[in-house]
Amino acid sequence: MPSTAMKKKVLLMGKSGSGKTSMRSIIFANYIARDTRRLGATIDVEHSHVRFLGNLVLNLWDCGGQDTFMENYFTSQRDNIFRNVEVLIYVFDVESRELEKDMHYYQSCLEAILQNSPDAKIFCLVHKMDLVQEDQRDLIFKEREEDLRRLSRPLECACFRTSIWDETLYKAWSSIVYQLIPNVQQLEMNLRNFAQIIEADEVLLFERATFLVISHYQCKEQRDIHRFEKISNIIKQFKLSCSKLAASFQSMEVRNSNFAAFIDIFTSNTYVMVVMSDPSIRPTKGPQRLDLANSVPRSPSVDTQRGTRDSTTSEKPAKMIERPLTTSYGSVPMPRECGKK
Amino acid sequence: MQVNFFQYVYHSLYCMFYSVLDFNDPFSTEVKPRILLMGLRRSGKSSIQKVVFHKMSPNETLFLESTNKICREEVSNSSFVNFQIWDFPGQIDFFDPTFDYEMIFRGTGALIFVIDSQDDYMEALARLHLTVTRAYKVNPDINFEIFIHKVDGLSDDHKIETQRDIHQRTNDDLADAGLEKIHLSFYLTSIYDHSIFEAFSKVVQKLIPQLPTLENLLNIFISNSGIEKAFLFDVVSKIYIATDSTPVDMQTYELCCDMIDVVIDISCIYGLKDDGAGTPYDKESTAIIKLNNTTVLYLKEVTKFLALVCFVREESFERKGLIDYNFHCFRKAIHEVFEVRMKVVKSRKHQNQMQKIKRATPNGTPRVPL
Ligand SMILES: Nc1nc2c(ncn2[C@@H]2O[C@H](COP(=O)(O)OP(=O)(O)OP(=O)(O)O)[C@@H](O)[C@H]2O)c(=O)[nH]1
Ligand SMILES: Nc1nc2c(ncn2[C@@H]2O[C@H](COP(=O)(O)OP(=O)(O)OP(=O)(O)O)[C@@H](O)[C@H]2O)c(=O)[nH]1
Ligand SMILES: [Mg+2]
Ligand SMILES: [Mg+2]
């Protein structure tokens with residue numbers, strides 16, 4: 001790992017079975033939702049290093065949530081776990097019957113964070129929302145959000161409703177990584193210039209391995225406010241289907257009589273999507289493209305040439321079904337792509 | 001090349017016209033071919049129907065309630081996929097006098113019997129035998145399609161073993177009853193992957209009398225355009241109506257399905273009018289996806305409900321002009337076929353009302369028992 005890499009420690013906490021390992025495997029290791037049923041409980045802490053946008057390294061600490069481990073985190077391992085934390089992600093199982101205990105652990109966590117990493121950003125994910133009846137979801141989420149905000153004081157927390165079965169997971173994780181990207185304002189400014197020059201309705205920038213939206217610029221009002229996470233989800237699923245044929249897609253063009261959308265590799269770590277409402281126009285990929293590309297953070301060893309592979313975010317086919325089944329107390333094999341240390 | 005293609009198109013049209021006329025059941029013009037979904041309770045019948053025809057996501061089927069009466073549904077969204085699906089409750093009693101199975105089987109094109117492979121299937125096989133023999137007595141033209149279902153829970157070896165075992169037992173049972181002439185087709189299916197769409201595609205294809213003509217059209221189209229493989233898809237159900245005669249590889253088919261999903265989903269987001277009017281899939285719908293292994297996926301609108309999805313090598317795709325020109329001819333042929341068929345159906349209806357002529361059975365064309 002180049003010494004210039006910027007490491008950010010991210011803690012994933014929450015009670016056992018709340019879905020921490022599942023979500024990280026989907027976002028960072030090419031699992032599909034179904035594959036997560038085979039995950040066993042996490043023993044102690046699993047560390048993974050995920051290279052993101054070239055020189056940003058997310059140091060994920062997936063902390064197994066069984067009681068014995070939890071007690072340990074707050075006592076003997078306290079300093080080790082809660083020091084230098086950039087982001088704390090606390091995952092709540094919305095169907096949990098032990099709300100009080102969940103809240104108790106959450107507050108212990110906050111205490112430890114306040115002592116050791118008072119500047120950490122805190123995200124609460126109210127997870128497995130798919131298990132709640134659709135017409136109840138808004139209500140239940142609002143209630144939980146209020147409770148969590150109140151209990152978190154004096155710290156601030158951002159709450160998201162999530163499920164591995166739909167695009168809400170992408171919305172939450174896009175917001176999380178957005179917090180972690182260095183000089184993101186610069187990136188956004190360049191994206192705006194680019195969009196204006198090519199007269200696009202909308203331009204989205206995706207991280208290449210996860211397909212999380214890391215930046216966007218919009219010139220025209222769009223109907224669907226959930227479109228970014230939907231597109232992340234759609235394209236990521238397609239990427240996984242390509243990997244079954246040991247292939248990956250390079251570019252995509254979709255149109256009908258109202259629009260044309262183009263998705264293409266942009267830098268070695270990003271894809272760009274350009275949406276035009278006049279479908280007869282093709283976007284130019286001239287020199288403007290480099291301006292934007294230069295602002296995307298990257299490690300010095302990787303060049304910006306199109307199509308260059310990033311070694312850490314490999315596109316290996318995800319054949320997770322072939323992994324051995326583990327019992328709930330067996331150890332979990334690390335998802336291959338993020339297991340490198 | 002193109003001249004050949006044109007000539008072929010008109011020849012096909014001609015054949016198609018006759019194959020349409022070849023329908024020989026004068027009473028059936030208004031009845032759509034019927035597909036029955038039968039099998040034990042909780043074997044997955046309703047799930048299959050919801051996933052294939054209502055885009056229900058597989059995990060949502062966990063909430064489906066048990067079916068307690070026959071649910072009929074028309075699938076008449078395109079000119080070629082045009083049938084009725086009857087979803088049965090798990091327990092039907094052939095001896096119940098209110099259950100007129102003779103009437104039901106008489107109008108049936110395909111009977112899909114669903115077996116839960118994750119469960120002990122002995123009872124299912126007994127039921128299957130009873131159902132098939134009854135149905136056959138009433139209507140020997142029914143296609144019997146056996147879905148060995150929920151195979152997502154089985155290992156690859158186990159799948160093959162289960163299929164072999166079920167095949168053997170059912171055929172032994174038929175042989176014991178002196179009914180070895182009944183042909184059963186077997187499919188390994190699951191709603192959690194594309195196998196259910198693929199199986200349903202095959203079931204439906206058998207019910208399309210114009211299939212050989214469509215296949216020929218596709219063959220000529222791809223060989224003249226430098227295309228490796230082409231599928232004609234019903235966009236909504238992702239059933240493929242026809243493909244050229246090169247072998248179908250499951251992964252290729254899956255990728256086509258996934259491409260259709262991507263195209264429709266993105267078009268739903270950006271391709272509707274500002275007020276939400278319009279349809280995501282319209283006359284101008286097209287998509288090009290380039291993979292890193294020199295393959296290009298090319299999708300084009302054929303009719304309101306049908307799409308052509310092609311696999312093309314990158315170097316052949318450089319002659320996109322030729323492909324598009326040939327596609328234009330292909331599309332026109334399909335449209336004319338469709339119009340001819342509509343006209344024929346209408347005029348037949350008219351004829352039937354006027355007089356019930358007994359036509360001689362023509363030969364050489366496959367037809368649907370309507
Ligand atoms: N319905 C539903 N199930 C989920 C969701 N996310 C995860 N699961 C399931 O929850 C179970 C437990 O998930 P894990 O990711 O192993 O839980 P964990 O938080 O890592 O548990 P520990 O490692 O013991 O702390 C798995 O069977 C997942 O399939 C979700 O959004 N909805
Ligand atoms: N694992 C797995 N489960 C499935 C599959 N298909 C259906 N199921 C599950 O099987 C259960 C029963 O499904 P239904 O579709 O209601 O079964 P049915 O045959 O219509 O049942 P009745 O209406 O009672 O006759 C549901 O919980 C489905 O989620 C499959 O391919 N794999
Ligand atoms: Mg875990
Ligand atoms: Mg049912």
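Every chain is numbered from 1 and lettered A, B, ... according to where its sequence line falls, protein lines coming before strand lines. This one's a predicted model, so the numbers in the text were calculated from it and none came from an experiment.
In this structure, the side chains of B:Y270 and A:I231 come closer than 4.5 Å at one or more pairs of heavy atoms. For the pair B:D265 and A:N233, the minimum side-chain heavy-atom distance is 4.5 Å or more.
Summarising the local packing, CZ of A:R97 is surrounded by 12 or fewer heavy atoms from other residues, nucleotides or ligands at distances under 6.0 Å. Counting non-hydrogen atoms of other residues, nucleotides and ligands closer than 6.0 Å to CD of A:Q133 gives a total of 12 or fewer. Residue B:K273 qualifies as open at atom NZ: its count of foreign heavy atoms under 6.0 Å is 12 or below. Shown here is B:K290, whose NZ atom has no more than 12 heavy atoms of other residues, nucleotides or ligands within 6.0 Å.
Under a 3.5 Å cut-off, the side chain of B:D258 and the backbone N or O of A:F238 do not form any donor-acceptor pair. Remark: side-chain polar atoms of B:N292 are paired, donor with acceptor, to backbone N or O of A:S248 under 3.5 angstrom.
The distance from the CD atom of A:Q250 to the OG1 atom of B:T295 is 10.5 Å, given to the nearest 0.5 Å. Of the inter-residue distances, the one linking B:I288 atom CD1 with A:E253 atom CD reads 4.0 Å to the nearest 0.5 angstrom. Note that CG of B:D261 and OG of A:S241 are 8.5 Å apart. Values are rounded to the nearest 0.5 Å.
For B:S285 against A:N256, the heavy-atom pair with the smallest separation is OG-CB, 3.5 Å. Among all heavy-atom pairs drawn from A:N258 and B:G271, the shortest one is ND2-O, 2.7 Å. Heavy atoms only, all atoms of each residue included: B:I269 and A:K230 are closest at CD1-CB, 3.9 Å. Taking both residues in full, the closest heavy atoms of B:Q251 and A:K244 are given as NE2-O, 3.4 Å, listed atom of the first, atom of the second, then distance. Summarising the geometry of A:L245 relative to B:N293, their closest heavy-atom pair is O-ND2, 4.5 Å, with the distance given to 0.1 Å. For the pair A:M252 and B:V262, the tightest heavy-atom approach, listed with the atom from each and the gap, is SD-CG1, 3.7 Å.
For B:C257, no part lies near chain A; criterion is any non-hydrogen pair under 4.5 Å. If you measure heavy-atom distances from A:R34 to chain B, the contacts under 4.5 Å come from the side chain alone. Proximity to chain B (any heavy atom under 4.5 Å) is restricted, for A:E202, to the side chain, taken from C-beta onward. Both the backbone and the side chain of A:V254 come within contact range of chain B, judged by heavy atoms closer than 4.5 Å.
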Inset, instruction - Kindly determine whether A:F249 and B:L297 satisfy side-chain contact (heavy atoms from CB on, under 4.5 Å), including the steps that lead there. - result: CA-CA 10 Å; A:F249 81 88; B:L297 299 174; over 6 Å; no
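No other option in B:T279, B:L272, B:D156 has as many heavy-atom pairs under 4.5 Å with chain A as B:L272.
Between the side chains of A:S257 and B:D282, at least one donor-acceptor pair of N or O atoms lies under 3.5 Å.
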